[in-house]
K.L.:
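So that we are looking at the same thing, I have put the structure below in structure tokens.
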Amino acid sequence: DSSEGSASGAVYVYDMAGNYQNKITPAVRDTSSRFGSRVASANGKVVIGAFLEDVDGMNNAGAVYVFDVDGTNEVKITASDKSPASQFGSAVAISSTKVLVGANDANSAYIYDLDGTNEVKVSPSDASGSDAFGSEVTLSDNKFMVSSLGDDDAANNAGAVYIYDIDGTNEFKLTASDPAVSAQLGRALAFGVSGSSASSGSSSSSAVDWSPLTISTCLLYTSPSPRD
């Protein structure tokens, strides 16, 4: 949607039969924010990323918006330590109680209550500047996962996935047993229904098991593509 700028963005809501319900836009629109570039929904709520939004004069600092699915009750969330080009909102996820936000150019992820309060920031304990930690995120009721597509520990850009308790503690890092250059493990993430199993996609075939968590790329393949 470019009705208010070249990349202002919008989100359109449909029912499961494909019937149009409503359009969601923020109350104040940034002409190049890429609002709607990342979207997740759960329990009547939707979280929307605008990772190129300028915030407090900081270019591409990024923002995230939470709405009821009908577009009402807007909550705007920005990082407490926002900085230029951090791209907060490059990945988003939502549960019944929490919002998880990636900021891949800042090597960070943030978790909030649905009203934007109680921020917890995580960064990997072994972070380096080009890891792209925060590129993809997902969460369950008691755990969350964050991709680090540029992680080089196993091979150049082989990627890694970090798993945390919902409060940001108990970091555990997963890498492929057969790492490959530019595999970018973590390009896609998912938890099992119970939250005790996890899946991750990369651009190469690999599998690692760590009880009680499983990370598998046997069935999930994604092709790396640069962000706009």
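Since this is a predicted model, take the numbers as computed values, not measurements.
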K.L.:
With the 4.5 Å side-chain cut-off for hydrophobic clustering, are F67 and V69 part of the same group?
P.N.:
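Linked within one cluster.
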K.L.:
Given S128 and D126, is the side-chain hydrogen bond (donor to acceptor under 3.5 Å, both in side chains) satisfied, shown in steps?
P.N.:
CA-CA 7 Å; S128 68; D126 60 348; over 6 Å; no
K.L.:
Does the ring centre of Y162 sit less than 6.0 Å away from the ring centre of F172?
P.N.:
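Ring-ring flag for F172/Y162: false, centres at least 6.0 Å apart.
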K.L.:
Quick one: do L100 and F133 end up in the same hydrophobic cluster if we chain Ile, Leu, Val, Met, Phe, Trp and Tyr together by side-chain heavy atoms under 4.5 Å apart?
P.N.:
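Looking at the clustering, F133 is in the same group as L100.
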K.L.:
Evaluate the ring pair (Phe, Tyr, Trp, His ring centres under 6.0 Å) criterion for residues Y65 and F35: first the C-alpha distance (whole Å), next the side-chain angles of each, then the deciding distance (0.1 Å), finally the verdict.
P.N.:
CA-CA 9 Å; Y65 296 80; F35 177 90; 5.5 Å; yes
K.L.:
What distance do T97 atom OG1 and K45 atom NZ have between them, rounded to the nearest 0.5 Å?
P.N.:
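Reported value, rounded in 0.5 Å steps: 12.5 Å.
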K.L.:
Could you tell me whether the side chain of V13 reaches within less than 4.5 Å of the side chain of I24, counting heavy atoms only?
P.N.:
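Yes - at least one pair of side-chain heavy atoms lies under 4.5 Å apart.
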K.L.:
Can a salt bridge be assigned to the pair K82 and E53 using a cut-off of 4.0 Å between side-chain N and carboxylate O?
P.N.:
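Salt bridge: no.
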K.L.:
What is the minimum heavy-atom distance between T78 and G62, and which atoms define it?
P.N.:
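Looking at all heavy atoms of both residues, the shortest contact is CG2-O, 4.1 Å.
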K.L.:
With side chains defined as the heavy atoms from C-beta onward, is the minimum distance between V47 and V64 less than 4.5 Å?
P.N.:
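Heavy-atom side-chain distance check passes, below 4.5 Å.
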K.L.:
Measuring only between side-chain heavy atoms, which start at C-beta, is I166 closer than 4.5 Å to L139?
P.N.:
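Yes; the side chains approach each other to less than 4.5 Å.
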K.L.:
For a quick check under 3.5 Å, do S135 and S147 share a side-chain donor-acceptor pair by atom type?
P.N.:
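The criterion, which ignores hydrogens and geometry beyond distance, is not satisfied for S147 and S135.
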K.L.:
Could you tell me the separation between the CG atom of N60 and the OG atom of S90, rounded to the nearest 0.5 Å?
P.N.:
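The OG atom of S90 is 11.5 Å from CG of N60, to the nearest 0.5 Å.
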K.L.:
Between the main-chain N or O of A106 and the side-chain N or O of S108, is there a donor-acceptor pair closer than 3.5 Å?
P.N.:
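Yes; judged by distance alone, with no hydrogens or angles, the pair exists.
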K.L.:
Is a side-chain donor-acceptor pair under 3.5 Å present for N107 with D131?
P.N.:
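Side-chain D/A pair, D131 to N107: absent.
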K.L.:
Any idea which heavy atoms bring P179 and A176 closest together, and the distance?
P.N.:
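So the minimum-distance heavy-atom pair works out to CD-O, 3.3 Å.
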K.L.:
CD1 of I94 to CG of L114: how many Å apart, nearest 0.5 Å?
P.N.:
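Result: 5.0 Å between the selected atoms.
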K.L.:
Mind listing the closest non-hydrogen atom pair of A10 and K23 along with its distance?
P.N.:
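Distance-wise, the nearest heavy atoms are CB-CE, 3.6 Å.
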K.L.:
If we ignore hydrogens and angles and just use 3.5 Å, is the side chain of K98 paired with the main-chain N or O of S95 as donor and acceptor?
P.N.:
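No; judged by distance alone, with no hydrogens or angles, the pair does not exist.
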K.L.:
Please tell me whether V75 and V46 are part of a single hydrophobic cluster in this structure, the criterion being side-chain heavy atoms less than 4.5 Å apart.
P.N.:
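Looking at the clustering, V46 is in a separate group from V75.
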K.L.:
Does a side-chain heavy-atom distance below 4.5 Å link Q21 with D70?
P.N.:
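Of all side-chain heavy-atom pairs linking D70 with Q21, none is under 4.5 Å.
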K.L.:
State plainly whether one hydrophobic cluster holds both F191 and V161, where clusters connect Ile, Leu, Val, Met, Phe, Trp and Tyr through side-chain heavy atoms under 4.5 angstrom apart.
P.N.:
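Yes, because F191 and V161 connect within a single hydrophobic cluster, where side-chain heavy atoms sit under 4.5 Å apart.
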K.L.:
Please test E119 against T117 for side-chain contact (heavy atoms from CB on, under 4.5 Å), starting from the C-alpha separation and ending with a verdict.
P.N.:
CA-CA 6 Å; E119 176 188 273; T117 61; over 6 Å; no
K.L.:
Might you point out which heavy atoms bring G150 and A132 nearest each other, and give the distance in Å?
P.N.:
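For G150 versus A132, the nearest heavy atoms are N-CB, 4.2 Å.
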K.L.:
Please verify the inter-ring angle class for F144 with Y164; under 30° counts as parallel, over 60° as perpendicular, anything in between as tilted.
P.N.:
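Geometry flag for Y164 against F144: parallel rings.
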K.L.:
One thing to verify: whether K173 and D151 come together as a salt bridge, which I'm taking to mean a side-chain N less than 4.0 angstrom from a carboxylate O.
P.N.:
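A salt bridge links D151 with K173.
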K.L.:
Any side-chain heavy-atom pair from V120 and D167 closer than 4.5 angstrom?
P.N.:
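The answer is no, as the side chains (C-beta and beyond) never meet within the 4.5 Å cut-off.
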K.L.:
Under 4.5 Å between any side-chain heavy atoms of V66 and I77, yes or no?
P.N.:
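Answer yes - side chains close enough.
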K.L.:
Can you confirm whether F51 sits close enough to R38 that some side-chain heavy atom of one is under 4.5 Å from a side-chain heavy atom of the other?
P.N.:
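No. Closest side-chain heavy atoms not under 4.5 Å.
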K.L.:
If only atom types and distance count, is the side chain of D113 paired as donor or acceptor with the main-chain N or O of D115 below 3.5 Å?
P.N.:
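A pair under 3.5 Å: no.
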K.L.:
Measure the spacing between CG of L189 and CE of M145 and express it to the nearest 0.5 Å.
P.N.:
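Here the rounded value is 5.0 Å.
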K.L.:
Without hydrogens or angle criteria, can the side chains of S96 and N43 be said to hold a donor-acceptor pair below 3.5 Å?
P.N.:
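There is no such pair (donor and acceptor under 3.5 Å, judged by atom type) between the side chains of S96 and N43.
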K.L.:
Checking S83 side chain against S86 main chain: does a donor-acceptor pair fall under 3.5 Å?
P.N.:
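A pair under 3.5 Å: no.
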K.L.:
Given 3.5 Å as the limit, does a donor-acceptor pair link the side chain of N104 with the main chain of G89, or not?
P.N.:
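No, the answer is negative, given that no donor and acceptor are paired below the 3.5 Å cut-off.
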K.L.:
Under 4.5 Å between side-chain heavy atoms, counting indirect links through other Ile/Leu/Val/Met/Phe/Trp/Tyr residues: same cluster for V146 and L174 or not?
P.N.:
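Different hydrophobic clusters.
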K.L.:
Are Y110 and F88 close enough that their ring centers fall under 6.0 Å?
P.N.:
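Between F88 and Y110, which both carry aromatic rings, the centre distance is below 6.0 Å.
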K.L.:
Answer yes or no: is there a side-chain heavy-atom contact under 4.5 Å between Y12 and Y20?
P.N.:
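Contact flag for Y12/Y20 side chains = yes.
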K.L.:
Do side-chain atoms of S182 reach the backbone of N157 as a donor and acceptor pair under 3.5 angstrom?
P.N.:
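No, because the side chain of S182 does not come within donor-acceptor range (under 3.5 Å) of the backbone of N157.
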K.L.:
Can you tell me how far CD of E74 sits from OG1 of T25, rounded to the nearest 0.5 angstrom?
P.N.:
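Output value for this atom pair is 8.0 Å.
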K.L.:
If you measure from CG on N118 to CD1 on I111, what distance do you get to the nearest 0.5 Å?
P.N.:
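Rounded to the nearest 0.5 Å, the CG-CD1 separation comes to 10.5 Å.
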